[in-house]
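For reference, the structure is listed below as structure tokens.
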Amino acid sequence: MASQLLPKLTRYIPLWQRTIPNYPVYWKGNPQLRVYLPLFWMKMIKWPQSTASDTVTFEVHPQMTKYDVKNYLEKIYNVSVLSVKCHLSRGKDRHHPKYGFTIQPEADQRIAYVQLAPEHAIKFPEIFKEKATEEENAVKEQKKMLTESDKLRRKEWDRMDMPVWFR
């Protein structure tokens, strides 16, 4: 049903640049409209500086309001939200290297800072956590030494018949 509301596109528009259509008004006698998946999107962001344990940062769809963010998290993820603060950060302008005029500005980003209840803390996932054992480290070191010796052998291929002390 929601796909019928979207306009027909002649070219592909990325998800973060699409507009969300207004939800149709319900008139008595019409069938009930059901939305199974939201048309909005949210992306969790990890900041380099440390933030409070109950505060989570999201990049959200530009048309989302703080009420949309709160309802999205409460209805879909069953997380109690205490407060939401949103701000729109302007994208950087890309300038032509020779002439200096603006070529194509980056898209604006809407950032949402969400404060959760203490019992519902969301932790940013550690996907690329290194867990190298001693054996793996030894194997890596051995491979590194072999590649260095190969480089040296290739570099001095014409002097291999001379003694080492003369090279």
Side-chain angles (χ1 to χ4, degrees), residues 2-3 9 11-18 20 36-64 66 68-98 100 102-167:
S3 64
L9 303 174
R11 65 180 183 89
Y12 176 75
I13 298 175
L15 183 65
W16 58 89
Q17 292 178 350
R18 294 183 192 168
I20 304 297
Y36 295 107
L37 294 174
L39 298 174
F40 292 128
W41 54 269
M42 293 177 71
K43 181 171 75 171
M44 192 175 192
I45 300 174
K46 184 176 183 180
W47 290 102
Q49 64 268 21
S50 61
T51 57
S53 62
D54 61 343
T55 303
V56 185
T57 310
F58 293 98
E59 180 185 346
V60 297
H61 191 278
Q63 291 180 329
M64 284 182 88
K66 62 182 180 180
D68 292 330
V69 172
K70 183 175 182 179
N71 287 334
Y72 188 97
L73 291 172
E74 287 179 348
K75 304 279 183 188
I76 294 178
Y77 294 107
N78 298 326
V79 176
S80 60
V81 176
L82 297 179
S83 68
V84 177
K85 293 181 183 177
C86 292
H87 87 282
L88 192 66
S89 63
R90 188 170 183 267
K92 296 179 183 175
D93 290 336
R94 288 181 31 194
H95 297 285
H96 191 277
K98 186 174 181 183
T102 303
I103 299 173
Q104 179 183 9
E106 292 180 359
D108 297 341
Q109 293 180 341
R110 180 172 292 276
I111 308 294
Y113 301 98
V114 179
Q115 184 179 10
L116 304 172
E119 65 268 4
H120 294 291
I122 297 177
K123 201 172 192 181
F124 197 84
E126 297 279 338
I127 298 173
F128 300 108
K129 198 172 188 181
E130 287 192 35
K131 294 182 180 178
T133 61
E134 293 179 12
E135 294 175 5
E136 292 174 354
N137 291 337
V139 169
K140 286 181 184 177
E141 188 176 329
Q142 186 177 14
K143 285 182 181 179
K144 184 178 176 183
M145 290 176 59
L146 286 173
T147 55
E148 288 175 3
S149 65
D150 283 346
K151 286 180 184 176
L152 184 63
R153 192 164 23 105
R154 287 187 197 129
K155 181 180 174 184
E156 299 179 353
W157 66 271
D158 57 338
R159 298 186 221 151
M160 291 308 270
D161 55 347
M162 293 184 190
V164 177
W165 54 269
F166 194 71
R167 287 186 210 169

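Computed from heavy atoms alone, side chains included, the values below leave out hydrogens, waters and symmetry copies.
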(message) Atom CD of residue position Glu119 - does it have more than 12 heavy atoms of other residues, nucleotides or ligands inside 6.0 Å?
(response) yes
(message) Are there over 12 heavy-atom neighbours, none belonging to Glu135, within less than 6.0 Å of that residue's CD?
(response) no
(message) If I compare all heavy atoms of Asp93 with all of Pro105, which pair ends up nearest, and what's the gap?
(response) OD1-CB, 3.4 Å
(request) Kindly compute the distance separating SG (Cys86) from CD1 (Ile111), expressed to the nearest 0.5 Å. (result) 9.5 Å
(message) Rounded to the nearest 0.5 Å, what separates atom CD in Gln115 from atom CG in Asp54?
(response) 4.5 Å
(message) Please determine whether side chain to side chain contact (heavy atoms under 4.5 Å, CB included) holds for the pair Leu116 and Val81, giving the CA-CA distance in whole Å, both sets of side-chain angles, and the decisive distance to 0.1 Å.
(response) CA-CA 5 Å; Leu116 304 172; Val81 176; 4.1 Å; yes
(request) State, to 0.1 Å, how close Gly91 and Asp108 come at their nearest heavy-atom pair, and which atoms those are. (result) N-OD1, 3.0 Å
(request) Determine, step by step, whether Lys43 and Glu59 satisfy the salt bridge (Lys or Arg N to Asp or Glu O under 4.0 Å) criterion, reporting the C-alpha distance in whole Å, the side-chain angles of both residues, the deciding distance to 0.1 Å, and the verdict. (result) CA-CA 5 Å; Lys43 181 171 75 171; Glu59 180 185 346; 3.4 Å; yes
(request) Evaluate the side chain to side chain contact (heavy atoms under 4.5 Å, CB included) criterion for residues Met64 and Trp41: first the C-alpha distance (whole Å), next the side-chain angles of each, then the deciding distance (0.1 Å), finally the verdict. (result) CA-CA 9 Å; Met64 284 182 88; Trp41 54 269; over 6 Å; no
(message) How long is the straight-line distance from NZ of Lys144 back to NZ of Lys140, given to the nearest 0.5 Å?
(response) 11.5 Å
(request) Using the test ring-ring contact (aromatic ring centres under 6.0 Å, His included), find all partners of Phe40 that sit at least two apart in sequence or belong to another chain. (result) His61
(message) Rounded to the nearest 0.5 Å, what separates atom OG1 in Thr57 from atom CE in Met42?
(response) 10.5 Å
(message) For a quick test of reading the model, state the closest non-hydrogen atom pair linking Phe58 to Val114 and the distance between them.
(response) CD1-CG2, 3.8 Å
(message) How long is the straight-line distance from OG1 of Thr102 back to NE2 of His95, given to the nearest 0.5 Å?
(response) 4.5 Å
(request) Would you give the length of the straight line joining atom CG of Leu73 to atom CG of Asp68, rounded to the nearest 0.5 angstrom? (result) 11.0 Å
